[in-house]
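Report on the following structure.
For ligands, and for the atoms within them, numbers begin at 1 and follow the listed sequence. Quick caveat: nothing in here was measured; it's all calculated off a predicted structure.
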Amino acid sequence: HSLTMAKRDFSEISDTCSWESPDYEPWFPVSEKSNPLTRDIDKASPNHIVRLLAACDAQMFQTDTGTIYQRLFSDSVVRTMLEVARTVEQILRDPEDSLIVLSGCGTSGRLAFLIASRFNRSLRDRQQTTVYSYIIAGGDRALLTSQEASEDDPKLGILTLEKLCEGKRHVLFIGISCGLSAPFVAGQLDFCLKHPDIYTPVLVGFNPVTQAREETMPGYSLTFREVVQRMEEQRGQRAFIINPAVGPEAISGSSRMKGGSATKILLESVLAAAHTAAFTNTHVTRRVLLDMMRGYERVYSVTYSHSDQIATLLQTAGLSLQCGGRVCYLSWGSLGLVGLIDASECIPTFGADYEDIRGFTSGGYQDMDNIEGDLTSLGSQFCVAHEDFVSLVLPTLSDRDTVLLLYTCHDDVGEVEKMAHRVREKTSNLHSLYHGLEGDSAADSIALLCSSVLNITWPSSSTVHMQWELSSKLVLNAVSTGSHVLKGKIYRNHMVDLQVTNSKLYHRAIHILQKLSDVSLTQCEEALLKAIYNVEQLPEDITSAGVTTHTLTASRRKRVVPLALVCLLIGCSLSEAESRLESHPVVRDAVEACLTSSQHLTSSPGDQTSTNQ
Ligand code: F6P
């Protein structure tokens, strides 16, 4: 029923120009293309934003349309997933000296952690040896904060992997890079290929191999694409590539959204199928795998069948951000990590302050089970337990702030209610997201304290926890993305004020500048460099320096892309661009004001009034 509802609801949203056409932004890989569906998301109402996000997410489950792109349910993809699941199954049957490592940068590393922890927990529950581990570029602090620079370092990737796997006889290495682009992961995959006696590499990403990144990697002789080509030579025996296309992200390049969801769907399906086989003494079958994936498709539909409630959440969160308030996710149990991850991504994605959208989980680090343990001593940003919320946030909470409770029927509802009362003393802006099972009912006492309630009911299944996580991820992604759209952080479907902290983001920034200003890439790069170094002329030592030097400098500067854009659009100096941005603190307004004045300049060159604008 909900599947039909979701399909009917979003049928009005369709793209007249398909991203799959070979002529559509041919210079970009799928993961960096702009989605034709969301071209005007920056002007959409909360309800429409949710519908656009739903339509974008639906592209994850689209079947093969006969283009060059293989999709989630394509035979070739399912076949490779099956092969990887069988390798996992073998390890589960004979785990001694074996390890399954999941590795990635940013969101991909966070999901590596989430998935590895979940499946280790499931092994522990069965009194089995744990076999999973994770690597995130930048170490555990990257689980909660942005450590983008490590993504560019292939050698660091290798060293971390080697250290983790010391003494192991067999390692199944799963490298996640949505864009087939992170040098950190490429180095690890290449290392695995060079040591086939121990390592079997699996690459998970969402571009065709021909769109893997071609840029040289610092201190390395190969590009990501060359590593992938070497994997292809070994494909199906000693190396596996799982790379369906899931369509461009709703906000261009924001792979935390569909990229993250598809990573979760793919890997959890593979691992859950392997666990089922190993512990029921059967073998992994295509049917079990497909059932799992279809289950996730239902999660998508069921979740978005609550679009109106999601829109309410997004609107209230947007209002909080617009008036300088905060948004807090207070989660219990397994939803804790989902909240922490979504909140932490807002810092690099939207240049948000860590206090803008913040996650807290009931058990704090005790429940997280991360390699480096309690990180609280690293600073307030790393305080993630409910006690921290009570001491750091609650005292100053007001109606300007939005608080969202996330819990399930497996959590201690009494505890949730207690917290709801404490929050309610400070703000009436309290909301809840609850996942229950068919047959049980949500606690009315909590609902009565909330100004909006989103209750989702699920049929019971052994994998329902993972479904709740995906459902919560979709809701929170919509809330955090939508509220930043409402705050004016997005222009069309581009995040213009991105932080230029690694080489992928450096090149993305240049392309955004080119798209919005319509001048050459060389001019855009020059404008970006001037903004990064805060100079009106580029001296030789800057133009000859490498991208790493540029991104290091950029990480200490603010608003470099909007600055460069204003300079390009108006042809003005950096100092003038700064003052224009100051008079338009909302990036979208600043861009629009400049575009209007640049159009006046070009359309009526003789008109004094327009040239003076
Ligand atoms: O460096 C920024 C970033 O785009 C993150 O937002 C993202 O999660 C990470 O890179 C990893 O990207 P990928 O999965 O494509 O390697």
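- Using modelled atom types and a 3.5 Å distance limit, the side chains of Y329 and S472 yield no donor-acceptor pair.
- The shortest contact between atom 16 (O) of ligand 1 and any protein heavy atom is with S177 OG, 2.7 Å.
- The heavy atom nearest to atom 7 (C) of ligand 1, considering only S108, G259, S255, is found in S255.
- The aromatic rings of H550 and Y533 stand perpendicular to each other, their planes meeting at an angle above 60°, with 30° marking the opposite boundary.
- Looking only at heavy atoms of the protein, atom 11 (C) of ligand 1 is closest to C105 O, 3.2 Å.
- Atom numbering of ligand 1 starts at 1 in the shown order; those under 4.0 Å from a heavy atom of S181 are 15 (O).
- A donor and an acceptor atom, one from each side chain of D190 and Y220, are located under 3.5 Å apart.
- Partner of L406 under the side-chain contact (heavy atoms from CB on, under 4.5 Å) criterion, chosen from L330, L335, T361: L335.
- Residue L505 places no N or O, backbone or side chain, under 3.5 Å from any N or O of ligand 1.
- Distances below 4.0 Å separate heavy atoms of N502 from the following atoms of ligand 1: 1 (O).
- Checked against the 6.0 Å centroid criterion, the rings of Y199 and F173 do not qualify as a close aromatic pair.
- Applying the 4.0 Å criterion to heavy atoms of G106 picks out, from ligand 1, the atoms 8 (O).
- Among all non-hydrogen protein atoms, the one lying nearest atom 2 (C) of ligand 1 is E148 OE1, 2.9 Å.
- The CD1 atom of I490 lies 9.0 Å from the OG atom of S252; values are rounded to the nearest 0.5 Å.
- The closest approach between E151 and ligand 1 falls below 4.0 Å for a heavy atom of the residue.
- For atom 15 (O) of ligand 1, the closest heavy atom belonging to the protein is G179 N, 2.8 Å.
- A donor atom on one side chain and an acceptor atom on the other are found under 3.5 Å apart for T107 and E345.
- Residue-ligand proximity, K504 to ligand 1, at heavy-atom distances under 4.0 Å covers atoms 3 (C), 4 (O), 9 (C), 10 (O), 11 (C), 12 (O), 13 (P), 15 (O).
- No side-chain donor-acceptor contact under 3.5 Å links N493 to the backbone of I251.
- The protein non-hydrogen atom at the shortest distance from atom 8 (O) of ligand 1 is T107 N, 2.8 Å.
- When hydrogens are left out, the protein atom nearest atom 13 (P) of ligand 1 is C178 N, 3.4 Å; that is the closest non-hydrogen contact.
- Set against the non-hydrogen atoms of A182, the atoms of ligand 1 under 4.0 Å away are 16 (O).
- Remark: the S76 side chain and the R71 side chain contain no N/O donor-acceptor pair separated by less than 3.5 Å.
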